[in-house]
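Positions are given from 1, in the same order as the sequence printed here.
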Amino acid sequence: MKARIVYASMTGNDEDMADILEEDLQDYGFDVETSDVGFTDANDYLDSDLCIFITYTYGEGVMTDELADFYGELKDLDLTGKHFAVMGSGDKTYGEHFCENVFDYEKAFKDCGATEIAKPVTIENAPDDDAVAAIDQAAKEMADKLNG
């Protein structure tokens, strides 16, 4: 089973999340490829069974250029038959905009025909023990559903 993790990270928090998830999925037998959004084409998801996007939300939910570009590419894909999950970090001081980009990407994947395999994992700032446990649990759900 092939998984593609694409992450966007300004402070390193989302890269840490990607590293944790990559290790978890490898432990479950997935062939995992992980890359930074700035060096990835959305078409790379077409070669994967499981498509994962990990992003930060900056300020009041405005996407940075690299996030907006990838989002536009993603929305042009047909991901019917693929599974997806989204994760990300944010800052709760932004209230209703907390992790807004995570949910923007969740909607984009659904609009592309992909099937959501785990609920979004959202964390505040850097991954703490609770966040690691949530990522581990999401990886287990993905493996249980896809590996039968």
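Within 6.0 Å of atom NZ in K119, 12 or fewer heavy atoms from other residues, nucleotides or ligands are found, so the atom counts as exposed in its surroundings. The number of heavy-atom neighbours closer than 6.0 Å to CD of E23, taken from other residues, nucleotides and ligands shown, is 12 or below. The 12-atom threshold is exceeded at CG of D76, counting heavy atoms of other residues, nucleotides or ligands nearer than 6.0 Å. Under a cut-off of 6.0 angstrom, the local environment of OH in Y28 is crowded, with over 12 non-hydrogen atoms contributed by other residues, nucleotides or ligands. Residue-environment remark: NZ (K75) exceeds the threshold of 12 foreign heavy atoms within 6.0 Å.
Ion pair D49/K82 not flagged as a salt bridge, since none of the NZ, NE, NH1 or NH2 atoms sits closer than 4.0 Å to an Asp/Glu carboxylate oxygen. Looking at D136 and K140, no side-chain N of the basic residue comes within less than 4.0 Å of a carboxylate O on the acidic one, giving no salt bridge.
Taken from CD1 in I54 to OG in S89, the straight-line distance is 9.5 Å, to the nearest 0.5 Å. Taking CD of E66 as the start and CG of D69 as the end, the distance is 8.5 Å to the nearest 0.5 Å. The distance from atom CD of Q26 to atom OG1 of T34, rounded to the nearest 0.5 Å, is 7.0 Å. Interatomic distance, OG1 of T57 versus CG of L67, reported as 8.0 Å (0.5 Å rounding). With rounding to the nearest 0.5 angstrom, the CG atom of L50 is 11.5 Å from the CG atom of D31. Atom CD of E33 is separated from atom NZ of K2 by 5.5 Å, given to the nearest 0.5 angstrom.
Linking Ile, Leu, Val, Met, Phe, Trp and Tyr whenever their side-chain heavy atoms come within less than 4.5 Å leaves M142 and V102 in two separate clusters. Hydrophobic clustering places I117 together with M1 (ILVMFWY residues linked when any side-chain heavy atoms are closer than 4.5 Å, directly or through intermediates). Using a 4.5 Å cut-off between side-chain heavy atoms of Ile, Leu, Val, Met, Phe, Trp and Tyr, with links allowed through other members, F30 and I135 fall into the same hydrophobic cluster. Under the 4.5 Å side-chain heavy-atom criterion for Ile, Leu, Val, Met, Phe, Trp and Tyr, L21 and V6 are members of distinct hydrophobic clusters. Residues I52 and V37 fall into different hydrophobic clusters, defined by Ile, Leu, Val, Met, Phe, Trp and Tyr side chains chained together at heavy-atom separations under 4.5 Å.
A donor-acceptor pair under 3.5 Å is absent between the side-chain atoms of D36 and the main chain of A8, judged by distance alone. Here the side chain of E124 pairs no donor or acceptor atom with the backbone of G90 at under 3.5 angstrom. Formation of a donor-acceptor pair under 3.5 Å by the N101 side chain with backbone atoms of D104 is not found in this model.
Aromatic ring pairs are classed by plane angle as parallel below 30°, tilted from 30° to 60° and perpendicular above 60°; the pair Y105 and Y71 is perpendicular.
Sorted by first and then second residue, the ring-ring contact (aromatic ring centres under 6.0 Å, His included) pairs with a member in residues 107-148 read Y45-F109, F84-F109; sequence neighbours excluded.
With sequence neighbours left out, the ring pair (Phe, Tyr, Trp, His ring centres under 6.0 Å) criterion links F98 to no other residue. In this view, F103 and C99, E106, P120, T122 satisfy the side chain to side chain contact (heavy atoms under 4.5 Å, CB included) rule, not counting sequence neighbours.
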Query raised in the report: Is there a side-chain hydrogen bond (donor to acceptor under 3.5 Å, both in side chains) between N13 and D16 once you walk through the steps?
Result: CA-CA 5 Å; N13 296 338; D16 290 346; over 6 Å; no
Report task. Apply side-chain hydrogen bond (donor to acceptor under 3.5 Å, both in side chains) to the pair T40 and R4, showing each step before the final yes or no. Result -> CA-CA 10 Å; T40 308; R4 165 63 87 155; 4.6 Å; no
Query raised in the report: Yes or no on side-chain hydrogen bond (donor to acceptor under 3.5 Å, both in side chains) for Y7 and S35, after CA distance, side-chain angles and deciding distance?
Result: CA-CA 6 Å; Y7 68 88; S35 59; over 6 Å; no
